[in-house]
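In what follows, a structure is listed as structure tokens, so that the remarks can point back to it.
Starting from 1, each residue takes its place in the sequence as its number. What you see is a predicted model, and the numbers here were worked out from it, not measured in a lab. Heavy-atom basis, side chains included; hydrogens, waters and symmetry copies ignored.
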Amino acid sequence: MSIVNVDVEKCVGCNACVRTCPAAEANVARLDAEGKLRITIDDSKCIKCGACIEACSHGARSFQDDTEQFLKDLKDGTEMAVIVAPSIKIAFDGNWRHVLQWIRNQGVKEIYDVGYGADICTWAHVRYLQQNPGKKLISQPCAAVVNYVLKHRPELIPHLSPVQSPMMCLAIYIRKELGFRGKLAAISPCIAKIDEFRDTGVIDYNVTMEHLRDYFNKIGLKLPEVKVYSEFEFTGHAGLEGSIYPRPGGLMKNLLIHDPEMSIDTAEGTSRLYKELDIYLDQQEEELPTVFDVLNCEYGCNGGPATGVDYQRFAMNHIMYSVEQYTRKVRKENTTKKGVDKQFAEFDKKLRLQDYIRVYKPKKEEGKKVSEADIEEAYKLLKKETHLERNFDCHSCGYGSCREMAVAIARGINEKENCHEYMMKVIREERQKVSRVNQEVVGMNQNLMEVFEELAQDIESVKTETKAIQSVGKDSSEEMQNVAGHMGNLKKLNQKIIESMGDINESVGKYNNMTHDVEKIAGKINLLSLNAAIEAARAGEAGKGFAVVATNIRDLSENSKSSVGSAQENDDAIHAAMDSITEVIGQFDATIGDLLSAVDQAIVGTQRAFDNSERIRVSMDRVSNIADRVQQIIEETNQILS
């Protein structure tokens, strides 16, 4: 579980967290799906100093503790004791007693002052140094410092003070000397204490003052004003000088009370402390102080990241000064006339130093091993070729140098896009590309304007031709209507021809019948002629025979006359039918002529429409070519900018 959390939606990738983090590799920079830089946390590297939370002006970082679980278990009736860091006097200035009384009212019977644990811590340091003369120690009351050593500089472990922190000293005292077996909760100003408690397994809850205050606000609990009296008192012993441990140099002051000649140096604040820890081993042994008293927070635990207040140093020092004045008074009462410290004498009698000694286990996880070749490749990714470019060291990426950034790139915990100079160089290169494209676009624009002018003319031509097409189309429509009319007339003429041909066929049939009749008559005439010839040969009886012949000839003559009359009538009918056909054919010929004329006009109109359409097609082809070229320019520009 990560203790320091990141709300990636609020993270803007400003690198303020990386810049302030003593363990920069705990921060992992990644580009999200939208190309935005997000900084997440590698909990295995995070020392939980809280610097990033304070530095983040976007509210993207927060922390977790055990406050919620503590309150739940307390409500469920879990047996508990609470130990309270002296910095509560800063976090709840004036009404800290009311806060602790409220906790007691919830069922916590025993509430102890960690100042007393700090007194035990001072005693343990003095006795340990007496038993190990010449030993050089780095103090460890600060859990963030311990995390830094264990996770990033395990080579410092031999120098890290083995004496437990004031909270742990008090917790061990409560367990071993008082025999308490219930749950222990620590009210602290520190995020990193949760790692200390989990590593040692003595304290069960890290209840931060900030989250406790948040809970009060959530339930609407209004603390009494400062002037309101509180009957609260700590269980057992209150701390003496140990109560000033939260201020910078607190341990140093306590040690100097018991050994004024001890060599002690101090360092506080993330901007200074961790650099000095990094060079600690580079110093000559004799140059190192006996105790290097260190605190992660610039104003000590009073300015811890989980106090929930933002006091200025003068206000905090004033409060601590009042505490110190009080403890000095109590100290005098606990010192015999011979200068014997009654408290230390009691510790020597009751406590066993070994119970308050801690054994450390390194937590450093070996990441990807980075070679010079890897760093060189990272420089190339960052477009850093020259000595100046590789030592620009603008710190905008959050690291102290370009080399550190290159190492982070090589380790895969950062992105080249997080380098300001890289992005500026990319922008300059892109600007040059854009400038070249812009020049081409300007030239193309000029060409485009020329084409547009021509196109405007073509459009006017298109308009004119369109009107012409409309006119021709109208004419063609009328011509086709004429053609349709002529075709109707032709149909009627053709029908008349068919009817006339029927009349002719009928007349021809009658004519054939008449001819047949004439042929019969001719046969009979021939026969009669033969008979007449025979009768003529007979002289005597000529009168009778001729009389019969005459009669037959007269009948035949009548028949022939009738047949001839019919033939004449048929001939007249045929002539009339032929005249009708001739007339129809003449009309048909005229109609064909009109039809051909109309078709010719339609063809001419169609040709004009085709010619106009061709001109339009040519103009539109030119427009299409222009559009294709414009699209090509856009694609080329996108390629350059991508």
Side-chain angles (χ1 to χ4, degrees), residues 4-42 45-47 49-61 152 269-272 274-275 278 367-368 370-438 637-642:
V4 178
N5 300 316
V6 179
D7 185 341
V8 294
E9 294 303 319
K10 293 181 179 179
C11 177
V12 299
C14 66
N15 293 314
C17 51
V18 181
R19 193 158 33 251
T20 58
C21 181
E25 61 185 279
N27 298 279
V28 180
R30 288 286 182 268
L31 295 175
D32 65 12
E34 298 178 355
K36 295 179 180 179
L37 192 70
R38 309 292 192 185
I39 313 295
T40 57
I41 296 175
D42 181 351
K45 302 287 194 303
C46 178
I47 67 173
C49 64
C52 62
I53 298 175
E54 182 180 356
C56 183
S57 60
H58 307 286
R61 299 218 168 187
H152 300 280
T270 56
S271 61
R272 173 190 168 197
Y274 296 99
K275 292 178 181 178
D278 287 341
K368 177 184 176 181
V370 177
S371 65
E372 286 300 320
D374 295 328
I375 297 174
E376 180 66 24
E377 187 63 28
Y379 275 134
K380 291 180 180 179
L381 287 175
L382 292 168
K383 296 181 179 293
K384 294 181 179 293
E385 303 293 342
T386 67
H387 176 79
L388 178 62
E389 290 173 338
R390 295 184 177 189
N391 293 274
F392 194 80
D393 301 343
C394 68
H395 314 302
S396 63
C397 59
Y399 297 102
S401 66
C402 292
R403 181 177 175 83
E404 290 180 22
M405 176 59 167
V407 171
I409 295 289
R411 285 180 176 171
I413 62 173
N414 218 307
E415 304 280 0
K416 61 182 183 298
E417 289 81 5
N418 200 16
C419 174
H420 175 73
E421 278 303 299
Y422 168 81
M423 293 305 297
M424 289 300 295
K425 180 174 285 190
V426 169
I427 290 171
R428 287 193 294 268
E429 292 174 353
E430 295 301 328
R431 185 179 296 170
Q432 292 173 356
K433 292 179 181 178
V434 169
S435 178
R436 290 195 299 269
V437 171
N438 186 58
T637 303
N638 289 337
Q639 289 177 358
I640 291 174
L641 296 179
S642 62

Start with the C-alpha distance between R403 and E372, add both sets of side-chain angles, then the distance that settles salt bridge (Lys or Arg N to Asp or Glu O under 4.0 Å), and finish with yes or no.
-> CA-CA 11 Å; R403 181 177 175 83; E372 286 300 320; 2.6 Å; yes

Tell me, with the steps shown, if Y274 and I47 meet side-chain contact (heavy atoms from CB on, under 4.5 Å).
-> CA-CA 12 Å; Y274 296 99; I47 67 173; 3.6 Å; yes

Find out whether K45 and I413 are in side-chain contact, i.e. whether some heavy atom of one side chain is under 4.5 Å from a heavy atom of the other.
-> no

Heavy atoms only: give me the nearest E376-R390 pair and the separation to one decimal.
-> OE2-NH2, 2.8 Å

Identified salt bridge (Lys or Arg N to Asp or Glu O under 4.0 Å) counterpart of K383 within the set E417, E429, E389, E421 = E429

Can you name the closest pair of heavy atoms from A406 and A378 and give their distance?
-> O-CB, 3.3 Å

Do you know the tightest heavy-atom contact between H420 and C394?
-> CB-SG, 4.3 Å

Determine the minimum heavy-atom distance between V370 and R411, stating which atoms define it.
-> CG2-CG, 3.4 Å

With a cut-off of 6.0 Å (strictly less than), are more than 12 heavy atoms of other residues, nucleotides or ligands near CZ of R272?
-> yes

To the nearest 0.5 Å, atom NZ of K384 lies from atom NZ of K416 at 14.0 Å

Sidechain-backbone polar pair: R38 side chain, C11 backbone, donor-acceptor under 3.5 Å = yes

Value rounded to 0.5 Å, distance of SG in C46 from CG in N5 = 9.5 Å

For R61, what residues pass the salt bridge (charged side-chain N to carboxylate O under 4.0 Å, His left out) criterion, not counting sequence neighbours?
-> none

Donor-acceptor pair, N27 side chain versus I41 backbone, under 3.5 Å?
-> no

Write down the atom of A51, the atom of T270, and the distance for their closest heavy-atom approach.
-> CB-CG2, 4.2 Å

Supply the atom-to-atom distance N391 CG to S401 OG, rounded to the nearest 0.5 angstrom.
-> 8.0 Å

In short, G400 meets H395 closest at the heavy-atom pair O-CE1, 2.8 Å

L381 vs I409 side-chain heavy atoms within contact, under 4.5 Å = yes

Mind checking the CE-CD spacing from M405 to E415? Nearest 0.5 Å is all I need.
-> 8.5 Å

Minimum side-chain heavy-atom gap N414-C397 below 4.5 Å = no

For F392, which residues count as a ring-ring contact (aromatic ring centres under 6.0 Å, His included) partner, sequence neighbours excluded?
-> none

Does CD in E54 sit with more than 12 non-hydrogen atoms of other residues, nucleotides or ligands closer than 6.0 Å?
-> no

Do any pairs count as a side-chain hydrogen bond (donor to acceptor under 3.5 Å, both in side chains) and have a residue in residues 7-22, sequence neighbours left out, and if so which ones?
-> N15-N418

Give a yes or no answer on whether the side chain of D374 reaches the backbone of S371 with a donor-acceptor pair at less than 3.5 Å.
-> yes

